[in-house]
Amino acid sequence: MAEEKKINILPLILTGIAIGTLIKFFIFDFLRVSGSSMENTIHDNSVICVSKISFGIALPFSNSLIVQWKEPKRNDIIIYLYDNKIVVKRCVAVAGDSLDYSADSQYILFTGGNEIALTAEQYDCMKNSAVVPEGYVLAIGDNYSQSIDSRTYGFVPVKNILGKVLWK
């Protein structure tokens with residue numbers, strides 16, 4: 001009678017869990033979007049795939065990068081922590097980009113060919129910034145009227161950007 005070889009499956013399961021954990025924390029993640037700030041690009045309750053290594057290696061459970069090798073570009077959809085929540089916004093301006101304002105009949109921010117509506121409070125908060133400072137980006141939700149973003153809380157430090165949305 002032939003001897004049956006027993007395969008110990010426990011090391012395979014533990015290796016799989018370890019690899020999956022490393023991938024989730026450092027390389028890719030799938031996140032469910034809550035809110036309408038990125039409508040019509042990303043809908044409420046949609047699942048997005050995020051590359052966590054697009055700009056560097058993030059420190060798990062933190063809002064900063066350990067190592068950074070690239071900065072976001074205009075129109076990248078990025079994730080970062082704000083108020084202890086992961087938020088998804090579009091990078092509309094990068095360091096050195098000029099910011100022009102109109103306060104005629106309505107408040108508008110002009111940057112990179114975009115006309116972005118501002119409330120009176122957002123205008124007052126931003127009007128003294130003529131350019132995006134070095135090491136920062138201007139991140140704004142596509143649904144201007146429903147988005148709390150850089151217009152309200154200021155520029156986002158590049159070192160705090162945790163990833164780039166790959167697909168939505």
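All values below come from the heavy atoms of this structure, side chains included, with hydrogens, waters and symmetry mates left out.
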Is there a side-chain contact between Asn160 and Leu81 in this structure, where contact means two heavy atoms from C-beta onward sitting under 4.5 Å apart?
no

Within one Ile-Leu-Val-Met-Phe-Trp-Tyr cluster: Ile48 and Val87, side-chain cutoff 4.5 Å
no

Separation between CD (Glu71) and NZ (Lys159), nearest 0.5 Å, reads 12.5 Å

Leu166, CG atom: more than 12 neighbouring heavy atoms under 6.0 Å
yes

Derivation of the side chain to side chain contact (heavy atoms under 4.5 Å, CB included) call for Lys164 and Val50:
CA-CA 5 Å; Lys164 177 181 175 179; Val50 176; 5.9 Å; no

Exercise: do Lys89 and Ser150 side chains pair donor with acceptor under 3.5 Å
no

Checking side-chain polar atoms at under 3.5 Å, does Ser54 have a donor or acceptor matched by the opposite partner on Lys70?
no

Nearest heavy-atom approach of Gly141 to Asp149 is N-OD2, 3.1 Å

Just how far is it from atom CZ of Arg151 to atom CG of Leu109, taken to the nearest 0.5 Å?
9.0 Å

Are Ile79 and Ile161 close enough that some pair of their side-chain heavy atoms sits under 4.5 Å apart?
no

Find out if a path of hydrophobic residues (ILVMFWY) with successive side-chain heavy-atom gaps under 4.5 Å connects Phe28 to Phe26.
yes

Can you give me the closest heavy-atom contact between Ser129 and Tyr101, atom names plus distance?
O-OH, 2.8 Å

Testing the basics here: between Leu65 and Gly56, what is the closest heavy-atom pair and its distance to 0.1 Å?
CD2-C, 4.1 Å

Taken to the nearest 0.5 Å, the spacing of Trp167 CH2 from Ser51 OG works out to 13.0 Å

Inter-residue atom distance Ile23.CD1 - Ile19.CD1, 0.5 Å rounding:
7.0 Å

Full working for side chain to side chain contact (heavy atoms under 4.5 Å, CB included) between Phe110 and Ser102:
CA-CA 8 Å; Phe110 300 95; Ser102 170; 3.6 Å; yes

Heavy-atom pair with the smallest gap, counting every atom of Val132 and Ala93:
CG2-CB, 3.6 Å

State plainly whether the residues Asp142 and Arg90 are in salt-bridge range, i.e. N to O under 4.0 Å.
yes

Spatial distance of atom NE2 (His43) from atom OG (Ser36) [nearest 0.5 Å]:
11.0 Å

Side chain to side chain, Leu99 and Leu138, heavy atoms closer than 4.5 Å:
yes

Judged by atom type as modelled, is there a donor-acceptor pair below 3.5 Å linking the side chain of Asp83 to the main-chain atoms of Lys85?
no

Evaluate the side-chain proximity of Asp97 to Val131: yes if any heavy-atom separation is below 4.5 Å, no if none is.
no

Determine, step by step, whether Val88 and Ile42 satisfy the side chain to side chain contact (heavy atoms under 4.5 Å, CB included) criterion, reporting the C-alpha distance in whole Å, the side-chain angles of both residues, the deciding distance to 0.1 Å, and the verdict.
CA-CA 9 Å; Val88 180; Ile42 301 174; 3.9 Å; yes

With clusters defined by side-chain heavy atoms of hydrophobic residues (ILVMFWY) lying less than 4.5 Å apart, directly or transitively, does Val158 cluster with Tyr82?
yes

Can you give me the closest heavy-atom contact between Ile140 and Met38, atom names plus distance?
O-SD, 4.4 Å

Do Ile57 and Trp69 touch side chain to side chain, with heavy atoms closer than 4.5 Å?
yes

Any link between Tyr144 and Val92 through a network of hydrophobic side chains (Ile, Leu, Val, Met, Phe, Trp, Tyr) touching at under 4.5 Å?
yes

Taking atom CZ as the centre, does Phe55 end up with more than 12 heavy-atom neighbours from other residues, nucleotides or ligands that are less than 6.0 angstrom away?
yes

Has Arg32 got a side-chain atom pairing as donor or acceptor with Asn45's backbone, closer than 3.5 angstrom?
yes

Parallel, tilted or perpendicular: which fits the ring planes of Tyr153 and Tyr80, with parallel below 30° and perpendicular above 60°?
perpendicular

Look only at the side chain of Gln122 and the backbone of Thr119, and say whether a donor-acceptor pair between them is shorter than 3.5 Å.
yes

Heavy-atom neighbours of Ile9 CD1 exceed 12 at 6.0 Å:
no

ILVMFWY cluster, Ile148 and Val137 together (side-chain gap under 4.5 Å)
yes

Does this structure show an ion pair linking Lys52 with Asp29, if we count only N-O contacts that are shorter than 4.0 Å?
yes

Separation between CG of Leu22 and CD1 of Ile17, rounded to the nearest 0.5 Å
12.0 Å

Any idea which heavy atoms bring Pro72 and Ile78 closest together, and the distance?
CB-CG2, 4.1 Å

